[in-house]
Peer 1: 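One structure is given below, represented as structure tokens, and several questions about it will come after.
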Amino acid sequence: MTDSEFGICFDNADWVTLAKPVVALGGDWPAALALAGMPSVWSPAVDDAVQNLRVQSRRDMRDLPSLGFWSAVCGLVGRSWRLGLVDEFTATVRLDGIWLHISEHDPRDRAEELIWEGMACFELDHFVDTDVADRAEALLTEADRLIPDGAVDVAFCEKALEAFL
């Protein structure tokens with residue numbers, strides 16, 4: 001499924017997997033509850049639930065600026081690093097894995113540029129044995145700033161890392 005609001009193509013299993021930690025952490029959007037409880041990932045209702053989740057979550061955001069999908073993903077990696085859940089190397093490994101989802105096109109915004117940069121840091125460190133600690137720290141600091149302070153906590157980041165990132 002491709003959703004213009006989320007900017008990514010996920011299969012149904014990804015949406016169901018993503019909804020479970022949201023619900024476990026107290027998320028009560030009816031669409032997230034529906035996704036988390038779906039008995040089959042092949043259900044055609046997944047597409048409808050994702051569309052409903054977009055509408056329901058937008059209402060709760062009120063006046064907050066809309067955060068693009070890749071900004072949220074990249075920001076969660078940066079926030080997880082700042083909260084001490086992952087070190088610089090592990091964070092770049094996560095960004096390298098995320099990069100695989102966007103590697104077919106040039107970066108479209110700053111979050112995608114940071115994801116590409118994370119991939120480059122991982123590959124320089126892993127394959128060329130280059131010290132990229134300062135470079136990784138700078139990009140993770142910027143990634144962390146993509147998500148407003150107080151928007152996610154340690155528990156949410158842990159669940160997101162465990163379930164999806």
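For reference, positions follow the sequence shown, starting with 1. Owing to the predicted nature of the structure, the values given are computational and were not obtained by experimental measurement.
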Peer 1: Show, in sequence, the C-alpha distance, side-chain angles and deciding distance for D144 and T141, and conclude whether the side-chain hydrogen bond (donor to acceptor under 3.5 Å, both in side chains) test is met.
Peer 2: CA-CA 5 Å; D144 174 54; T141 298; over 6 Å; no
Peer 1: Taking all non-hydrogen atoms of both residues, which atom of F122 and which atom of T92 are closest, and how far apart?
Peer 2: CB-O, 3.7 Å
Peer 1: What I want to find out is whether R135 reaches D125 closely enough, with some N-O distance under 4.0 Å, to be called a salt bridge.
Peer 2: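 Answer for the salt bridge query: no.
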Peer 1: What is the distance from atom CH2 of W70 to atom CG of D109, rounded to the nearest 0.5 Å?
Peer 2: 10.5 Å
Peer 1: In terms of hydrophobic clusters joined by side-chain contacts under 4.5 Å, are W99 and V93 together?
Peer 2: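 Unlinked, W99 and V93 end up in two clusters.
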Peer 1: Under the salt bridge (Lys or Arg N to Asp or Glu O under 4.0 Å) rule, what do R108 and E113 come out as? Steps first, then yes or no, please.
Peer 2: CA-CA 8 Å; R108 297 178 186 149; E113 290 173 357; over 6 Å; no
Peer 1: I need the minimum non-hydrogen distance between E88 and A133, along with the two atoms involved.
Peer 2: CG-O, 4.4 Å
Peer 1: Of all the heavy-atom pairs spanning L114 and L146, show the shortest one and how long it is.
Peer 2: CD1-CD1, 4.1 Å
Peer 1: Could you state whether L100 and L139 fall into the same hydrophobic cluster, counting links through intermediate Ile, Leu, Val, Met, Phe, Trp or Tyr residues with side-chain heavy atoms under 4.5 angstrom apart?
Peer 2: yes
Peer 1: How close do A19 and A36 get, heavy atom to heavy atom, and via which atoms?
Peer 2: CB-N, 3.7 Å
Peer 1: Over all heavy atoms of both residues, which pair between C157 and L85 is shortest? Give the atoms and the distance, please.
Peer 2: CB-CD1, 3.5 Å
Peer 1: Please report the shortest heavy-atom distance between C121 and V132, naming the atom on each side.
Peer 2: O-CG2, 3.5 Å
Peer 1: Hey, quick one: are L161 and L83 part of the same hydrophobic cluster, counting side-chain heavy atoms closer than 4.5 Å, chains of contacts allowed?
Peer 2: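 Yes, it is one cluster - the side chains of L161 and L83 are joined through contacts under 4.5 Å.
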Peer 1: Quick one: pull up CG in L95 and CG in L140 and give me the separation to the nearest 0.5 Å.
Peer 2: 6.5 Å
Peer 1: Go through W81 and T90 one step at a time and tell me if the side chain to side chain contact (heavy atoms under 4.5 Å, CB included) criterion holds.
Peer 2: CA-CA 9 Å; W81 166 76; T90 303; over 6 Å; no
Peer 1: Roughly how far apart are L76 CG and F156 CZ, rounded to 0.5 Å?
Peer 2: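 Nearest 0.5 Å value for the CG-CZ distance: 5.5 Å.
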Peer 1: Nearest 0.5 Å please: distance from the CD atom of E123 over to the OG1 atom of T130.
Peer 2: 11.5 Å
Peer 1: Let me see the working for E117 and E142 under side chain to side chain contact (heavy atoms under 4.5 Å, CB included), right down to the final yes or no.
Peer 2: CA-CA 11 Å; E117 178 71 13; E142 187 174 348; over 6 Å; no
Peer 1: Side chains of I102 and W116: closer than 4.5 Å at any heavy-atom pair?
Peer 2: yes
